[in-house]
Amino acid sequence: MPSLLDKGRTHDCGSLRASDDGRDVVLFGWVHRQRDRGGRIFVLLRDRAGITQVVFGPDIDAAAHELAAGLRAEYCVAIAGKVISRGDNANPDMETGAIEVEGHEVEIFSASEPTPINIADDERLDALETTRLRYRYLDLRRPSLQRNFILRSKLATLTRQTLAEGGFLELETPYMVKYTPGGARNFLVPSRLSPGKFYALAESPQIFKQLFMVSGFDKYFQITRCFRDEDLRNDRQPEFTQIDIEMSFATPDRLFVEMEALMTRVWRELLGVELEAPFPRMPWAEAMARYGNDKPDVRFGLELQDITDLVSSSSFTVFASAEYVKGICVPPEHAAHFSRGRLDKLTSFVKQREHGGAKGLAWAKIKEDGSWQSPIAKVLGAELCDQIAAKMGAAPGSTLLIVADDFHTTHTALSALRLELRDSLDLLAGAPAWRFLWVTSFPLFESSDRGWVSSHHPFTSPRVEDIPLLDEDPGKVLAQAYDLVLNGNEIGGGSIRIHRSDVQAKIFEVLGLSKEEVEQKFAFLLEAFRYGPPPHGGIAFGLDRIAMLMCGAESLRDVIAFPKTSRGQDLMTGCPSGADDEQLAELFITHRPLPGAD
RNA sequence: GGGGGCGUAGCUCAAUUGGUUAGAGUGGCGGCCUGUCACGCCGGAGGUCGCGGGUUCGAGUCCCGUCCACCCCGCCA
């Protein structure tokens, strides 16, 4: 008997409808479930497009019925049969529920042992993360994960299409690059041909894409892998994918227009969502002042209110002596939420180090007559209380939550508190689903124990009007740098680059880099910039992160096919692993005894 | 580097104050069933309680160490 494989499949498992009634079909797929009722056997056949019910019976085809009795979950099979309408017996919960296929022929391509992950229980049962990673190919069979990867694929395709149509050239850059200390840790690749020397895996194509601009490829993009040897998180993997973009003769405005066109098209075609462009923009300083955060979630209010000036001469020394006194005013409809116990919990919340480590949380509940129920009402005095309430926009029933501390602590704590309240007060119910925001004008430098360091990278251009400040007060210089923020997540960032060598030299000077260091690290870039570099700038988006948000996934691991654990291991293949002595010898590599080993 | 924290049947979990033979659901196996759709019913099978050590008459449970999924801080220009 000829194999159904040769005959070929006529349909996928997600497309048959009532209008196909009577059609002869061949389906390939995996057994999702098998329900044996004796004289009737129901098999749900699954492929990446969907699930179709097949029915077997001795009266339909005795041989097929007998074979179907032996089918088990995850057998890979072919089924030939006739589509019949289920009429009144339709299953409204299935996309193909209007029909089923009468099974006339079954061919088992391969059997399956019982699977460690029950794929048919997708959505209902959560397998342990270790099991999922160990048997990743089975985890990836789950319909919910397949949906993620199908969407991710469309995202990449549509991005390519949109950028190509916009005149961007897709160009490749090396993964194996020169090692440069500083910034993210590099993965090192030993060189056999140059013993004792190493390549580094690229953290990003940053310098190469700037060189493309010097070459005259005035619009470039690449969907490319980046590698960083840093500790992992829920939303961070050691290798991840960037949509990397650079434009010559760019201004932030021109770049934003192109990127907004990309995002609106992707959201429209993949999610059916119409985004409003241009996206709002907010200087970094405003984001910090209003939200305490450089990637604010602007889907809800609870903005920070500044009362530093009001309380600077109050007799409450905690307030009077603090660098910043700011707070959140929670509207009256949430008054019932703030029991004494809850306020205590919020106090310890802001005291936790990861939430800023504030010294405390001052609170006040505004009573009907406008007076305060608060431990600090007395020391502040009624008049000051009224002024604070007015400044913070409070009404009877409002709850005020106030932190007094230095800039960093105050904003970190209130930002964390704001997000905590978002979740516990369910503030996103009815909120717009997607709020994009450009955060602009970041400080060019941050101070560290080693002096000034670039907050973005050393090729980021300062605002032209701030160039004189480079000498006087580097901390005040603002950068032509921008992040694209979506619902409180940074999904991309970039900048206009420096193309003037005098400005670049000045930046290196502020960063405390000697001529020799500059020469050693960036000689080729500076040399290139001697030959007519165009003004240019660009941006890079985290493709994985965008895919994660579009899918509604909670972890990057759900949009990366073969992810690593939080310790950077692949539980399926068992990497990283050791290497043969022979190969190590060829590379002239020995390693020190491991700590704890005898 | 630091903090939190999971680990018991193939899978997901339970097991009281340290006490008899470590249970349930699901899956798997055998049987029955002609309209199931998380099918149902009956039967029996299935365990290195992560690993190592200790306390105890007795440890899944307490103590010490260790490995480890996962989450967070630092880190990620």
Side-chain angles (χ1 to χ4, degrees), chain A residues 32-44 51-60 65 69 72-74 84 86-94 96-97 100 102 112-135 138-139 180-186 203-204 206-207 226-238 240 352-357 412 416 442-446 448 450 452-460 479 481 490 493-495 507 511 521 540 542 554-555 557 563-567 569 571 595-596:
Chain A
H32 194 64
R33 291 181 196 282
Q34 186 250 32
R35 292 187 276 264
D36 188 343
R37 301 283 277 111
R40 278 281 177 274
I41 296 171
F42 300 92
V43 170
L44 297 184
I51 296 176
T52 298
Q53 174 163 290
V54 185
V55 59
F56 296 93
D59 49 331
I60 297 170
H65 179 253
R72 293 294 178 269
E74 304 311 321
I84 54 168
R86 289 181 62 175
D88 293 343
N89 193 29
N91 182 346
D93 297 331
M94 286 175 69
T96 60
E100 64 190 357
E102 277 188 336
S112 171
E113 293 178 16
T115 51
I117 296 173
N118 188 340
I119 288 135
D121 280 349
D122 186 29
E123 320 269 8
R124 197 161 52 86
L125 270 184
D126 268 332
L128 220 57
E129 201 73 22
T130 38
T131 315
R132 294 184 52 195
L133 292 175
R134 168 109 191 271
Y135 301 97
L138 291 178
D139 198 31
T180 50
R185 261 185 222 102
N186 289 107
E203 298 164 21
S204 79
Q206 181 61 40
I207 290 178
C226 302
F227 306 87
R228 294 180 190 175
D229 186 10
E230 295 294 343
D231 286 6
L232 308 180
R233 288 281 189 288
N234 175 27
D235 61 349
R236 258 163 36 196
Q237 282 277 309
F240 59 96
Q352 285 170 41
R353 201 160 61 102
E354 63 266 37
H355 300 138
T412 306
F442 284 78
L444 188 62
F445 304 106
E446 289 166 15
S448 81
R450 293 188 315 281
W452 296 109
V453 295
S454 295
S455 28
H456 191 51
H457 60 60
F459 315 112
T460 302
E490 181 198 330
S495 63
I507 299 290
L511 291 173
K521 287 185 183 174
E554 288 182 0
S555 167
R557 282 184 292 272
K564 309 271 191 293
T565 69
S566 62
R567 288 171 39 95
Q569 300 190 337
L571 297 181

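In this text, all values refer to a predicted model and were calculated from it rather than measured experimentally. Below, chain A is the first sequence line, B the second, and so on; all start at residue 1.
- Residues A:G39 and A:V453 both approach RNA chain B. Their nearest nucleotides, taken by heavy-atom distance, put A:G39 toward the 5′ side.
- Across the P atoms, B:G1 and B:U61 are found 29 Å apart, a figure rounded to whole Å.
- With RNA chain B read from its 5' end, the first of the two nearest nucleotides for A:A184 and A:L133 is the one closest to A:L133.
- For A:E100 against B:G35, a side-chain N or O and a base N or O form a donor-acceptor pair under 3.5 Å.
- When heavy atoms are screened at a 4.0 angstrom cut-off, A:E554 is found touching no nucleic acid atom at all.
- Comparing the same atom, P, in B:C76 and in B:G4 gives a spacing of 24 Å after rounding to whole Å.
- A donor and an acceptor atom sit less than 3.5 Å apart, one in the side chain of A:R236 and one in the base of B:C76.
- Distance CG (A:D235) to C1' (B:C75): 13 Å, rounded to an integer number of Å.
- Among the heavy atoms of the strands lying under 4.0 Å from A:Q206 is at least one base atom, whether or not backbone atoms are also near.
- A donor-acceptor contact under 3.5 angstrom links the side-chain atoms of A:R86 to the base of B:U36.
- Side chain of A:P114, nearest nucleotide from B:C76, B:C37, B:G28: B:G28.
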Extract all donor-acceptor atom pairs below 3.5 Å that involve side chains of residues 52-60 of chain A and protein atoms in other chains or at least two apart in sequence.
residue: A:T52; atom: OG1; partner: A:C13; partner atom: O; Å: 2.6
residue: A:Q53; atom: NE2; partner: A:E100; partner atom: OE1; Å: 2.8
residue: A:D59; atom: OD1; partner: A:R40; partner atom: NH1; Å: 3.0
residue: A:D59; atom: OD2; partner: A:R40; partner atom: NH2; Å: 3.1

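- Around atom CZ of A:R236, more than 12 heavy atoms belonging to other residues, nucleotides or ligands sit under 6.0 Å away.
- The residue A:S566 sits close to a base: some heavy atom pair falls under 4.0 Å.
- No engagement by A:D93 is indicated, since no non-hydrogen atom pair under 4.0 Å with the nucleic acid exists.
- Using a 4.0 Å heavy-atom cutoff across all strands shown, A:R567 reaches sugar-phosphate atoms only and no base atom.
- Within the 4.0 angstrom heavy-atom criterion, base atoms lie near A:D231.
- Heavy atoms of A:R72 sit under 4.0 angstrom from primed sugar atoms or phosphate atoms, though from no base atom.
- Looking at heavy-atom distances under 4.0 Å, A:Q53 makes contact with a base.
- With sequence neighbours left out, A:E203 forms a salt bridge (charged side-chain N to carboxylate O under 4.0 Å, His left out) with no residue at all.
- Residue-level contact check: A:L44 touches neither bases nor backbone, having no heavy atom under 4.0 Å from any strand.
- For B:U36, its base never sits under 3.5 Å from the side chain of A:R37 at any donor and acceptor pair.
- Across all strands shown, A:R134 has no heavy atoms under 4.0 Å from either base or sugar-phosphate atoms.
- Listed nucleotides B:U36, B:U34, B:G27 differ in distance to A:F42; the shortest reach to its side chain belongs to B:U36.
- Side-chain atoms of A:D36 and base atoms of B:C32 include no donor and acceptor less than 3.5 Å apart.
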